[in-house]
Structure formats: structure tokens, C-alpha cells
Q: 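Before we start, here is the structure in question, set down as C-alpha cells.
When reading the values below, keep in mind they use all heavy atoms of this one structure, side chains included, and skip hydrogens, waters and symmetry mates. Whatever order the structure lists them in is the order used to number ligands and atoms, beginning at 1.
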Amino acid sequence: MSRLTVFPGHPLSGEVSLPGDKSISHRAALLAAMAEGESRVTHFLDSGVTRALLNALQQLGVDWQLDGETLTVRGQAWRSPDQSLNCGNSATTLRLLAGALAARNTAAVLDGSDGLRRRPMGRILQPLRAMGVAIESPDGEHAPLTISQRAAGQQLRALTHPLTLASAQVKSCVLLAGLAAEGPVTVIEPHRSRDHSERLLSALGVKIESQPVADGWAVTIHPHPTDLPAFDLTIPGDTSAAAFWVVAASITPGSRITLAGVGLNPGRTGLLTALQEMGGRIEIIPRGEQGGEAVGDVIVSSADLRGIEIHGERVTAMIDEFPVFAVAAAFATGVTHVREAGELRHKESDRIRALCRLLNALGAKVEEHPDGFTIDGQAGLRGGAVVSAEGDHRIAMAAAIAGLAADQPVTVQGAEMMAESYPKFAETLLRLGGRIRMEEENSG
Ligand code: S3P
């Protein structure tokens, strides 16, 4: 275990070079593995969760090479692995792979860490089974999931699948399986989630339609019986990694930072909008498109924030940002209220509980609700505590950001979790002018 201590009182300045987007890195690696020929992905995120996917692809017989941030993948026929595919802590790996394995009719067992085994999987089992995929779970809801091979010539069925909760992972899983269906497959979400899969699939020649419908937003994929073509792609900066620095600069007095090349997919920009509404000094300079995604530079200066209310589709557009958003809310004046966000209980940790525990330990006035939380901002946090990362990379990084502006330092125990999505987090904090101390602890 490692401990990261962040000391307050040091303004942040300079330019951040962001890691490649986690969601797009997953999709790029997976689609390259399903393509025919050699694909090259630049600015790929090399981190715990993307390594889980790459290792799984290797077990499926896919050749890849990662040279710094450049990933080269030689797509080929997949072979059934001898051992289960270890998806580590990555639900994106597991859920997207399930759809891809179904499309490629490749038998495999999908498994992962104890944390991943607690994440809900009924949401992919049900639509995949409705399409005719033979997929089993020991209790009908959790990993390990066993996918069996279908008889030769047995195609997957067309499907229209309404989701009660918007989820890009579930949508992507079903769309990927739809590549090999005998007719169109439609996913209807109550509102739009991030559409990275749709953008990439459509750039590769797959017919995809996306439109508003009476009960939300529908995405339809048409079967694509041939292999995808190989591609070259440059991945934008990770919007969710940028979110930590947006909050960091906003709450740390005297700060001004520039985030270059941030992905601005509308399904991801909820935190930027929320902080702007809270009075954040955030300038967004559009820089066109990269890899089929909007990108831009974001300049953030410290500001006095006000509390706000978040619910409904705004929750989806910032689904990964609530730990650090809660830190911003603790530094705002007035009340921040988040509701209709019960899905946060099913992330890498129960994030409603974990962020309430974190903020409580740091001296905030916070109240937990079944589907959200309320923070009575007192324009500050006491700090001076050792807090647990709760086995969750984003709780760990949010706690570190809190330390920048608290009255006393904050120590995060289990800081190694940050490397799941952002291995250079501490290094970046240091480079921006933050004062930190890193300690390794013997677990014995
Ligand atoms: C992701 C979608 C989100 C998000 C996760 C990555 C993706 O999950 O929380 O970190 O890459 O599709 P849900 O779609 O299940 O909300």
C-alpha cells in the first residue's frame, strides 16, 4: 500500500499534459483487435484498467505492442483462451469484451478482482441472452461470466432493448454483439450516454443510427458480417482526468492552469458545465476534432464557488466525476444537492458512501441519501486526516485534491489505486506546484 500526503497552501500553475482518454482507449484497443490488419493508436492510456484489457486480448491470441503511448494491434481471429480472462478492476473491459466475444462467437470465462465480482452484470446478461448468447453467471448477477460457443451458423437475434438506466458500457456491449446479429439491434436509453463506441464504429464503416424517441434516445446498429478495417487513431485527453485539475485549480487560491487537448464529448462534459454554473472561472477554447471527438483547451483559475443541484441527465454526463465534484461542493458556499444518482453505488466502490465518508473525515457537513447526497458548503475543509482510497482510484484522487485547499494536509492510504486510470497523477500534481509526500507501506 502507498500513502500520498498533499499539503495545502501552494497555488497551481502551468500546463497539464493529460493521459489519453480511458473510455476511448478501451474501445480503440478492442475494435483494433476485431479489425483485419494492423491498427495504430496514439496517445493510448497505459494504466491498470487498460492493461487488463490488453492482457485479455493477448489471451485471445491478439498480437499487440505498446511503445510508450503508441499501441499497435494486429487484429486476427480470436481463439478460446485456456484460462479465464482476468478483467482486473475494469467493468468496461468485462462488459465490452462480453459483447465482442458474443459477436466473434468465442467461448471464454470473464472474471476479475473481488471488487469487479461485486459489480452488477444482470444488465448485460439479460440483453445478451435475449439475442441468443449462451452466457452464465453463478448467481445470475455477478462475474465470473461464462460464454459458450454457439453452433456454427447459429446467428444472434435482432433485438430492441430498453435500458432503465443510461449506461454506455451496457449500450456498447449490446451494440458490439449486434455486429453479428441477423437484423438491427436497438438500445433505448432514458437519456444519452457517452457515444464513443458509436463514433468509432461508424468511422469504421458500420451503419449506426442515433435519434431521440418518445422514451429517450435510441441507437441502432445494423449487422456487419465482415471484419472491421484496420485504423489509425489519436486519442483525446481524458475528460475525467481533466476534471481533477479543473476542481483543483478552482478551489486552490491563486491558481491558474491550462489543460490542453481535453476531450469534449457532450456525454462527458457535465462537470465543466456544473462548475461553470457554480461560479467557476473556466474558459473552453474549441480546437476542432481529434479521432472523431471534439477537443479543446480548458483554462481554469481559482474562484469562489456556489452550491448547485444536480439530477437527471446531468448525472450521466458527469457519472465518473462525483468524488471530485463533492470536494468542489465542500469548498462552495451554500447547499449542493445531488439526486437520482443511485448508480454511483455500483461503481468501483459505493461512491455515495465513500465520498460521504471521505468528506466527513475531512470536516464537511454532508448527508448521505439512497440516491445521492447533500453537502452544506462551508467554504472549506479541515483536513488533517488519513483517509482511505476505499479501493477506488477516483476516491483516492479526489481525496488528494481536497488536500490542496484544506486547512491541514490530507493523507490518502491506498494511493496506488490511482494507477488504475491515472498513473501520472502525483507526478502531474508535483509539476503544477503541489507539495506532496509519497510513502510506501509494508503490508505485512
Ligand atoms: C464507461 C461508462 C461509465 C463510466 C465508466 C466508463 C465507458 O459507466 O462510469 O468509467 O467507458 O463506457 P456506465 O456506462 O456503466 O455508467
Side-chain angles (χ1 to χ4, degrees), residues 19-31 44-45 47-50 52-53 87-100 112 115-116 118-127 143 161 163-176 187 189-201 216-217 219 235-236 238-244 263 265-271 293 312-325 340-352 354-355 371 392-395 397-398 417-418 420-422:
D21 188 79
K22 169 168 98 69
S23 287
I24 304 175
S25 292
H26 272 113
R27 286 151 173 86
L30 185 57
L31 293 183
F44 182 80
L45 170 69
S47 74
V49 291
T50 49
L53 173 61
C87 302
N89 288 319
S90 175
T92 311
T93 296
L94 195 152
R95 293 187 177 126
L96 269 58
L97 258 180
L116 188 58
R118 285 193 290 271
R119 310 275 298 270
M121 294 298 157
R123 52 184 72 185
I124 60 166
L125 291 172
Q126 200 249 320
H161 182 63
L163 295 182
T164 40
L165 268 174
S167 163
Q169 290 182 356
V170 176
K171 174 181 64 177
S172 300
C173 167
V174 176
L175 294 179
L176 285 167
V187 178
E189 295 184 287
H191 43 256
R192 248 181 136 166
S193 63
R194 63 189 73 186
D195 63 353
H196 307 304
S197 302
E198 295 92 304
R199 285 170 189 265
L200 205 43
L201 283 165
W217 191 271
V219 181
I235 296 184
D238 192 304
T239 322
S240 298
F244 291 102
N265 183 299
R268 301 282 298 279
T269 47
L271 178 101
E293 297 273 353
E313 61 189 314
R314 296 186 71 173
V315 171
T316 307
M318 54 182 284
I319 189 72
D320 289 332
E321 277 55 90
F322 284 95
V324 78
F325 169 74
E340 298 174 349
E343 180 61 8
L344 294 177
R345 296 200 181 273
H346 305 292
K347 294 294 177 186
E348 285 83 330
S349 65
D350 172 343
R351 283 196 176 146
I352 295 181
L355 70 84
D371 72 339
D392 183 335
H393 55 130
R394 297 199 199 280
I395 294 291
M397 292 186 277
M417 284 314 296
M418 296 175 184
E420 283 298 291
S421 66
Y422 201 162

Q: Which is closest to atom 2 (C) of ligand 1 by heavy-atom distance: Arg394, Gln169, Glu321, Arg351?
A: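 Closest candidate by heavy-atom distance is Gln169.
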
Q: With a 4.5 Å limit on heavy-atom distance, are the side chains of Val187 and Leu175 in contact?
A: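 A side-chain contact under 4.5 Å exists here.
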
Q: May I ask you to check if ligand 1 and Ala166 share an N or O to N or O distance below 3.5 Å?
A: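 No, Ala166 has no N/O under 3.5 Å of an N/O on ligand 1.
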
Q: For atom 14 (O) of ligand 1, what is the nearest protein heavy atom, given as residue, atom name and distance?
A: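 Residue, atom and distance for the closest contact: Ala168 N, 2.7 Å.
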
Q: Using a 4.0 Å cutoff against the non-hydrogen atoms of Thr92, which atoms of ligand 1 qualify?
A: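 With Thr92 as reference, the close atoms of ligand 1 come out as 6 (C), 11 (O).
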
Q: I'd like to know if Lys171 contacts ligand 1, where contact means a heavy-atom distance under 4.0 Å to any ligand atom.
A: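 Contact check Lys171 vs ligand 1: negative.
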
Q: Nearest 0.5 angstrom please: His196 NE2 to Lys22 NZ, how far?
A: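 So the NE2 of His196 and the NZ of Lys22 are separated by 10.0 Å.
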
Q: Got the closest protein heavy atom to atom 15 (O) of ligand 1, with its distance?
A: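 Heavy-atom neighbour on the protein nearest atom 15 (O) of ligand 1: Ser167 OG, 3.0 Å.
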
Q: Quick one: does His346 get within less than 4.0 Å of ligand 1, heavy atoms only?
A: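 His346 does not count as a contact of ligand 1 under the 4.0 Å cut-off.
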
Q: May I ask you to identify, for His26, whether its side chain, its backbone, both or neither come under 4.0 Å of ligand 1 on a heavy-atom basis?
A: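 Looking at His26 and ligand 1, no heavy atom falls under 4.0 Å.
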
Q: Any side-chain heavy-atom pair from Ile395 and Leu355 closer than 4.5 angstrom?
A: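 Sidechains of Leu355 and Ile395: in contact.
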
Q: Can you tell me how far apart CD (Glu340) and OG1 (Thr316) are? Round to the nearest 0.5 Å.
A: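 These two atoms lie 10.0 Å from each other.
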
Q: Strictly under 4.0 Å, does any heavy atom of Arg194 approach an atom of ligand 1?
A: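 True for this residue.
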
Q: Where on His196 is there a heavy atom closer than 4.0 Å to ligand 1, on the side chain, on the backbone, on both, or on neither?
A: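 No part of His196 is near ligand 1 at this cut-off.
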
Q: In ligand 1, which numbered atoms sit nearer than 4.0 Å to a non-hydrogen atom of Ser23?
A: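 Heavy-atom distances to Ser23 below 4.0 Å select 1 (C), 6 (C), 7 (C), 11 (O).
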
Q: Does the side chain of Arg194 pick up a donor-acceptor pair with the side chain of Ser23 at under 3.5 Å?
A: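 Yes.
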
Q: Got Val49 and His393 here, is their nearest side-chain heavy-atom distance under 4.5 Å?
A: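 No, their side chains stay 4.5 Å or more apart.
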
Q: Evaluating non-hydrogen atoms only, which member of Arg119, Lys22, Arg27 is closest to atom 7 (C) of ligand 1?
A: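 It is Arg27 whose heavy atom sits nearest to atom 7 (C) of ligand 1.
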
Q: Please say whether Glu343 places an N or O atom under 3.5 Å from an N or O atom belonging to ligand 1.
A: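 It does not: no N or O of Glu343 is found under 3.5 Å from an N or O of ligand 1.
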
Q: Please state which protein non-hydrogen atom is closest to atom 8 (O) of ligand 1 and give its distance, to 0.1 Å?
A: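 Result: Lys347 NZ, 3.0 Å.
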
Q: Test your reading of the structure: does Asp320 have an N or O sitting under 3.5 Å from an N or O of ligand 1?
A: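 Between Asp320 and ligand 1, an N or O pair is found under 3.5 Å apart.
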
Q: Within a strict 4.5 Å, meaning less than it, do heavy atoms of the Arg192 and Pro266 side chains meet?
A: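 Of all side-chain heavy-atom pairs linking Pro266 with Arg192, none is under 4.5 Å.
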
Q: Tell me, do His26 and Ser90 make a side-chain contact under 4.5 Å, heavy atoms counted?
A: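 Of all side-chain heavy-atom pairs linking Ser90 with His26, at least one is under 4.5 Å.
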
Q: Please test Glu420 against Ser47 for side chain to side chain donor-acceptor pair (under 3.5 Å), starting from the C-alpha separation and ending with a verdict.
A: CA-CA 5 Å; Glu420 283 298 291; Ser47 74; over 6 Å; no

Q: With distance as the sole criterion, is a donor-acceptor pair present between the side chains of Arg95 and Ser172 under 3.5 Å?
A: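 Note: Arg95 and Ser172 side chains miss the donor-acceptor criterion.
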
